[in-house]
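One structure is given below, encoded as structure tokens.
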Amino acid sequence: MQNAGEAVQLATKLFTEAGLETPRLDARVLVAAALNIDKTRLFSHPEQPISDHQCLAVHGFIQRRLGREPVARIVGEREFWSLTFKVDASTLVPRPDSETLVEAILKRTDNRAGRISILDMGTGSGCLVLALLSELSRATAVGVDISARTLDIATQNARFLGLDQRVRFLRSNWCDGLAADARGPFDIIISNPPYIAVGDLKKLDPDVAEFDPHGALSGGDDGLQAYRELLPGLSRYLAKTGIAGLEIGWDQAGAVKNIADQAGLSCLETVQDMAGRDRVLLFRPVES
Ligand code: GLN
């Protein structure tokens, strides 16, 4: 391959032959990243010559993608809510489906310039909480995760997005570490916990099963373990007028509502994702 256009053609051909779902898109993103140029420049200047060193980089990226490593992991970042998030081996790659949660919470937030407090349980790359902070100009937030490495990525993302003054990241197993910090109550609590049943992990797409951290996916034998652990705490830290939003698996709405009910939370709404599957549950405290 002599130039950028040929690199895209070669990658597209190999990805198509390997049966990847979006070969041309993957090829463009990976070649642009390997050449360290903008995707639009790839379009406007396909004749841009490539050096031997860049050629090696392109080949390296192609091989990794052929090994089913997700594009976001190869380039080290992913777009979510039109913002760019750094990801690494310790974080789940942000999914478009999770934007449903951000959207659902925003729809229920009347005063977007209010002093709103947010708690994100299992923050990962920070995509959910940082997307909310980008829309709620005076909100402040706490993001909790059990992985120190993940918290480092979330902190970098907050800094990169200029939101680090309004968010604190804390290492904690769900709410366990929050009590000492005497925080809350929070106006908004969100979480995208691990919710895949252990037995289903191996049925996932290889891009997910082999590359996403299992700690961020595995919800125990029935997929519901994280909800059992986090919902009682969530209920304790939610303001009386607050709202909680949880991402769920498509078939988990009934079971999660039951667990929430026992924790003193009543379901306000079940929200569907773009494919029409149940994806988010919104809760408020049961009036006492
Ligand atoms: N939605 C993810 C998937 O389908 C699962 C994320 C999670 O367990 N929170 O792979």
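What you see below is based on every heavy atom in this structure, not just the backbone, and it leaves out hydrogens, waters and symmetry mates. Read the numbers this way: they start at 1 and go in the same order the structure lists the ligands and their atoms.
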Nearest-contact summary for atom 8 (O) of ligand 1 - protein heavy atom, Å
Tyr195 N, 3.1 Å
Taking atom 10 (O) of ligand 1 as the reference point, the nearest protein heavy atom with its distance
Arg95 NH2, 3.0 Å
Just checking, any donor-acceptor pair under 3.5 angstrom between side chains of Asp38 and Thr40?
yes
Side-chain ion pair, Lys13 and Glu17, N-O less than 4.0 Å
yes
Taking only non-hydrogen atoms of Pro193 and a 4.0 Å limit, the atoms of ligand 1 in range are 7 (C), 8 (O), 9 (N)
Got a sec: does the CZ of Arg108 have more than 12 other heavy atoms crowding it under 6.0 Å?
yes
Could Asp207 and Arg65 be called an ion pair, given the rule that one side-chain N must be under 4.0 Å from one carboxylate O?
yes
So is Asp97 close enough to ligand 1, meaning a heavy atom under 4.0 angstrom away?
no
Region of Ala216 that comes within reach of ligand 1 [heavy atoms, distance under 4.0 Å]
backbone
Report the nearest protein non-hydrogen atom to atom 4 (O) of ligand 1: residue, atom name, distance rounded to 0.1 Å.
Ile196 CD1, 4.3 Å
Below 4.0 angstrom from a heavy atom of Val208, which ligand 1 atoms are there? Numbered from 1 as shown, please.
10 (O)
Output yes when Asp212 and Arg95 qualify as a salt bridge under the 4.0 Å nitrogen-oxygen rule, no when they do not.
yes
Atom pair CG (Leu10) and NE2 (His59), whose distance is rounded to the nearest 0.5 Å
6.0 Å
